[in-house]
Asks: 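Sharing a structure below in C-alpha cells format, with a few things to ask.
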2 protein chains.
Amino acid sequence: MDVTLDQVRCFVAVAEELHFGRAAERLKMTQPPLSRQIQKLERMVGAQLLDRDNRRVVLTAAGAAFLEDCYRLVTTLDEAVAHARRVEGGWAGTLHLGFTAVSAIGVLGPLLGLLGRELPSVEVILHERVTGGQVDGIRRGEIDLGLARPPFDTSVLSSRVVAREPLRAVVARDHPLASSRGPLGPEDFDGVPVIGYHPTTARYFHEMTVRFLVNGHSRIEQHVQQVLTAVILVAAGQGVAFVPASAAALGVEGVVFKPLTDLGGGHPDSEPARPVELHAIWSRGALTPMLRQVLHLVQRSAQEVDDALGE
Amino acid sequence: MDVTLDQVRCFVAVAEELHFGRAAERLKMTQPPLSRQIQKLERMVGAQLLDRDNRRVVLTAAGAAFLEDCYRLVTTLDEAVAHARRVEGGWAGTLHLGFTAVSAIGVLGPLLGLLGRELPSVEVILHERVTGGQVDGIRRGEIDLGLARPPFDTSVLSSRVVAREPLRAVVARDHPLASSRGPLGPEDFDGVPVIGYHPTTARYFHEMTVRFLVNGHSRIEQHVQQVLTAVILVAAGQGVAFVPASAAALGVEGVVFKPLTDLGGGHPDSEPARPVELHAIWSRGALTPMLRQVLHLVQRSAQEVDDALGE
DNA sequence: TTGCTTGATACCGTCGCAGCATGGACGTCA
DNA sequence: TGACGTCCATGCTGCGACGGTATCAAGCAA
C-alpha cells in the first residue's frame, strides 16, 4: 500500500492539536478511524511519528521532521491546483512571441510592458524572425503568437490588425528631395534610384514600394531584405527607400523621412493614410485562453500607442 | 471532496504515456477506473488537464503545468518518508551539544569532525556552558548531550567517560619550580601560593586541587571559575595552579606545565595517572536513536584521541 | 463494409473506511 | 481507596468508493 494525502492531513491535525479527539473534531470525523489512519501512516512511513500513551501525545523527532515536510506537501498541492487553474484561465504560463526585427518597433515595447503588468505570471519568450519564419514557427508549435506583415495563409492562421502606420520616403539629408515641401507623390521619384525589397522574403514592403511607384519612372536598383538595411543604404547615398514611419526610431544619422501622398488601392478595408499594417497572427483553432488574454492586451497596447500618436 | 495522491499518480502515468491503456497497465489496473480517476481529478482541480478524443491524448497547458507540480509533489513525499526514517534511525536530525569552554579542548574538535563525516545529516548546535548549566539544559530539554565534569545526579542523568588526562601544575616560566626535574609532589608546593577554584561553580577542579594538596602546607589564595583564568593568573605571577594537561593547548605565553606525582584516592575505577575525567552526559531514559549514534562516535573519537596521544 | 483501437459508460462485487460501542490505562477527586 | 472522567486503542457493522468485466461509440485502416 501507499501513503495517502488523507493520512497526511490526519497527521497534521493530530500533530498540531496533540490530541486525537480535538483533531478528529477538526477533521469532522470521529476519533477511532483517526487513530487507525495514524497507525497506518506510521506503518507506511516505517517510523513512529507520535509518542502516545493513554495520557498525552507528543511528536517524536521523526514526527517533527515529517510534519515540516507535510506542510510543504499540502502547500505544494494547493499551489499546484491554483497554478493549473490560472494556466487554464490564461493567467499564467509561457508565451512564445514572434516579432520582426524592425517592424515591431513601437509595438513590442509597450506590449511587453503591459504583459508584465497585467499578466505577471506569464513568462514571455521572444523569437525574432521574419514573417515567413514566424509562420513556420507557428505551424510547428514553436511560436504561439506572431507580430508580422500580411499576407498570410488564412486557412491555417488567424490574424488581427495590431497597428497601422504611414509609409515614408527616406532620403539622404543632402539629397534634393530632402528639402522639398509637402507630401511627395510617385512622380517626384522619376529618374531617382530607389532601394527596393526582395520580392519573396520582404514581399510586403516590396509590393508596397512597387504599388506606390506604379506608373512612375524611377529605377529600383537593390533588393534588400530588411528595413534597417534600406535606411543604411540611403544614408550611404545609394538612393531613396520607402519605409514605415516608425523606422525613424531606428536613429540612423544623415537621413530624413518625408511624408508621401496617400497610397490608393490597397486592401479594401485599409486606411490610405496609414497603409503599413502589422498583424498579430496565431494558429487558427489554437486560440487558447492565454492567447485570448494576450490578444486583449495586444489590442489595448495598440490602442494606447495610437492614442499617444494622435496627441 | 479532495484531491488524492492516487489521482496524482494516475495523472502522472497517463501524462507520461499519453495513453490510458498503457498507463493503466503501468499502474497495474484496468483502463476504465483510470479514466474515472482522471475525470474526478479534473473535476477537483477545476481545470481540463488532458485533451483527449477517441484517438489521441495530449496534455493541455494546464495539464503540463500541473504535471511539473505533480513531480515535485511525489518527490517531496518520498523525501519526507525517507527523512523521517533517517531521523528515527538517528541518522539525521538536530543535536544540541553542550560543552565546557576549556575542558573540551582536544575532544570537541575531533568529535565535530567525526560527526560531520559520519552523520552529515545531523545538524549540531553547540552550547558552551559550565557543567551546572549543561545539567540544567539537559533537564529542560535544551541540550541533548553534554561534555562535562563529574559528579552528576545519576538519578536523572546517564554518563560515560569520554576522556581521561593527567593533572598538571602550571607555573610561570621564571618561577623556581619551572626548572625542577621529574614529577612534582604535594610537598613541592609547601609555602607556594596556589590559585584554587570556586568550590561550587568549579567544584571538580576545586576538589582535585584540594585532594592533591592534602596534608601539604601551601596557601590557596584565589577561587577562579575557569581553567583559562587560572592559567592567565599564573602567567601574571599570581602563583601556581593545577589544570588538565590539555590546557597546554590554550597557548598562553610565559607559563610551563609540569607533571605531577600520581594522585591517589580518586574514584575507585579512575586511573591515578590520568585523574581528570571528561564525561558525556544525557538525560537518563532519553537515549534516542540519534544519541546512540552520537555516543558511538564519541567513543570512537575519544579512542582516536587516546591513540594519537599514546604514540 | 468489417475489423481494430481507444477512451467513456453501465453495472456489479468487494474492500476499506467511518461510525458506534467498548476496552483498558491512567489521573483526579471525594 | 474506590468511583469517575479522560483519552487512545480495538472489535464490529454498514455503506460507499473503487476496481473489474462487459459494452458502447468514435475514428482509422484495409
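So you know, we letter chains A, B, ... as the sequences are listed, proteins then strands, and number each from 1.
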Asks: From C-beta outward on A:Arg55, which listed nucleotide comes closest to its side chain: D:dA9, D:dC7, C:dT6?
Replies: D:dC7

Asks: Is B:Glu142 salt-bridged to B:Arg129, going by a charged N under 4.0 Å from an acidic O?
Replies: yes

Asks: Should the side chain of B:Arg56 and the base of C:dT6 be counted as holding a donor-acceptor pair, with the cut-off at 3.5 Å?
Replies: no

Asks: Sub-3.5 Å donor-acceptor pair from the side chain of A:Gln48 to the main-chain atoms of A:Leu50, do we have one?
Replies: yes

Asks: Between the side chains of B:Ser155 and B:Asp153, is a donor N or O closer than 3.5 angstrom to an acceptor N or O?
Replies: yes

Asks: CG of A:Asp51 versus C1' of C:dA25: gap in Å, rounded?
Replies: 16 Å

Asks: If the cut-off is 4.0 Å, is B:Ser35 near the phosphate of C:dA8, judged by side-chain N/O to OP1 or OP2?
Replies: yes

Asks: Nearest whole angstrom, please: distance from the P of D:dA17 to the CD of B:Gln39.
Replies: 16 Å

Asks: Would you mind reading off the distance between A:His19 atom NE2 and D:dA9 atom C1', rounded to a whole angstrom?
Replies: 14 Å

Asks: Figure out the CG/C1' separation between B:Asp2 and D:dA17, and round it to whole Å.
Replies: 15 Å

Asks: Atom CG of B:Leu27 to atom P of D:dC18: distance rounded to whole Å?
Replies: 15 Å

Asks: Over 60° means perpendicular and under 30° means parallel, so classify the ring planes of B:Phe152 and B:His279, tilted if in between.
Replies: perpendicular

Asks: What is the distance from CD of A:Glu42 to P of D:dA9, rounded to the nearest Å?
Replies: 9 Å

Asks: Which pairs, with at least one residue in residues 35-45 of chain A and sequence neighbours excluded, count as a salt bridge (charged side-chain N to carboxylate O under 4.0 Å, His left out)?
Replies: A:Glu42-A:Arg52

Asks: Answer yes if the ring centres of A:His96 and A:His127 are under 6.0 angstrom apart, and no otherwise.
Replies: yes

Asks: Any donor-acceptor pair, under 3.5 Å, between the side chain of B:Arg52 and the base of C:dT6, if you only look at N and O atoms?
Replies: no

Asks: Within this structure, what is the CG-to-C1' distance between B:Leu50 and C:dA8, rounded to whole angstrom?
Replies: 14 Å

Asks: Across nucleotides 17-23 of chain C, 5' to 3', mark each nucleotide with B, S or - according to how protein heavy atoms within less than 4.0 Å reach it.
Replies: SBBBB--

Asks: Over all heavy atoms of both residues, which pair between B:Phe66 and A:Ala80 is shortest? Give the atoms and the distance, please.
Replies: CD1-O, 3.6 Å

Asks: Report the distance from atom CZ of B:Arg43 to atom C1' of D:dA17, rounded to the nearest whole Å.
Replies: 13 Å

